[in-house]
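Take a look at the structure below.
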Amino acid sequence: MLKNLKSLLDEAKENSYAIGSYSCYNYETIRGAIEAIKKLKVPGIIALGENYLNNINPEEFVDIVKSLEKIGEDVPIAIHLDHCKSIDHIVQAIQAGFTSVMYDGSDLDFVENIMKTKKVVDIAHAANVSVEAELGSLALGEFSNEEGAEQIYTDPEQAKQFIEETGVDALAVSIGTVHGMYKGVPKVNVNVLKKINEKVGDTPLVLHGGSGTPEDVIKECIKNGITKINVNTEISVNVVNQIRDKLAKEEKYHFSKVSLLAKEAVKEVVLKYSQLFYSVRS
Ligand code: 13P
């Protein structure tokens, strides 16, 4: 069943678990992710990043999610627009039927980020669509095609003020995860997260850069207010590696089989993370 993101995250925060938000951009990624969450009977977020609008448009995306979510087990699903900087794209996604949007003003100065985010909140809430925003910035790891800059930790005091002034439903924080696979040992600072969580009360917090984050770190983050965890790169790495291995072994391989292999490789990663995120439920 399609759900507004806020309702899913509020329940996750209350029961101390997190919901996986999986980057999807074609039939194989959407189907693999939906099959995994239905198999586990857990809620899930099917996300389309603004940088994948060349792969699929919001209307096609919603149509595929809607047709696949009806098959089999009924689990709560949110359709989310990830990392979007254009208000026109946000409006397009809302009109297409997304139940949640992320406005990414993290590269703006604090006051401008508040102003633009507030504008998005007004537009989205009028259509009963949830809004995520971001404060701070993540560094870039390996194999990512998302944006990444210098690591700037989220300031707990600013997080509180930002939420009060914008009315966002969820806040993405920067605490040391990276967009992409880690180049060395992950240095996630859970103390910064604890301080943010103390300041923001019930507001659900979002962890970007889920790929490759160690299990114990993820569990610690969920205990301290993280209720949505984004995963992109590891899905792509698994698909590409499996296709590469297969093609290295088999010369005559039909594209229809590549498609099924890709779907299964997506499913593997989504099963791993969704199981982990839900396992800590209290
Ligand atoms: P990873 O690519 O590191 O999993 O990060 C995904 C993400 O944060 C998407 O918004």
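Numbering starts at 1 and runs along the sequence shown. Note that ligands are numbered from 1 as they come in the structure, with each ligand's atoms numbered from 1 the same way.
- Between Val173 and Leu205, the closest heavy-atom pair is CG1-CD2, 4.0 Å.
- You'll find the side chain of Gln275 reaches within 4.5 Å of the side chain of Leu40, heavy atoms only.
- If you run side-chain contact (heavy atoms from CB on, under 4.5 Å) between Val131 and each of Val101, Asp122, Leu171, Ile123, only Val101 comes through.
- Near His83, meaning under 4.0 Å from any of its heavy atoms, are these atoms of ligand 1: 10 (O).
- With ring centers used as reference points, His179 lies under 6.0 Å from His83.
- Side-chain atoms of Tyr22 and Ser274 form a donor-acceptor pair, as typed in the model, at a separation below 3.5 Å.
- Counting protein heavy atoms only, atom 4 (O) of ligand 1 is closest to Ser211 OG, 2.5 Å.
- Within the 4.0 Å heavy-atom cutoff, Glu234 does not count among the residues contacting ligand 1.
- A side-chain N or O of Gln161 and one of Glu165 form a donor-acceptor pair less than 3.5 Å apart.
- Listed by atom number, the atoms of ligand 1 under 4.0 Å from Val231 heavy atoms are 4 (O).
- Ranking protein heavy atoms by distance to atom 2 (O) of ligand 1, first place goes to Thr233 OG1, 2.5 Å.
- Ring centroid separation for the pair Phe61 and Phe98 comes in under the 6.0 Å cut-off.
- With respect to atom 9 (C) of ligand 1, the closest heavy atom belonging to the protein is Glu146 OE2, 2.8 Å.
- With contacts defined as side-chain heavy-atom distances shorter than 4.5 Å, the pair Val168/Thr117 qualifies.
- At least one heavy atom of Val178 sits less than 4.0 Å from an atom of ligand 1.
- At a heavy-atom cutoff of 4.0 Å, ligand 1 is contacted by both the backbone and the side chain of Asn232.
- Under a cut-off of 6.0 angstrom, the local environment of NZ in Lys3 is sparse, with at most 12 non-hydrogen atoms contributed by other residues, nucleotides or ligands.
- Within ligand 1, counting atoms from 1 as listed, the ones closer than 4.0 Å to a heavy atom of Asp82 are 9 (C), 10 (O).
- Using a 4.0 Å cut-off between heavy atoms, Met181 makes no contact with ligand 1 at all.
- Using a 4.0 Å cutoff on heavy atoms, Gly210 counts as a contact of ligand 1.
- Not one N or O of Ser144 is nearer than 3.5 Å to an N or O of ligand 1, by distance alone.
- In terms of N/O distances under 3.5 Å, ligand 1 is not approached by Ser23.
- When each atom of ligand 1 is checked for a heavy atom of His208 under 4.0 Å away, the hits are 8 (O), 10 (O).
- Donor-acceptor pairing under 3.5 Å is recorded for the side chains of Ser130 and Asn4.
- Which of Gly180, Ser21, Gly209 comes nearest to atom 5 (O) of ligand 1 through a heavy atom is settled by distance: it is Gly209.
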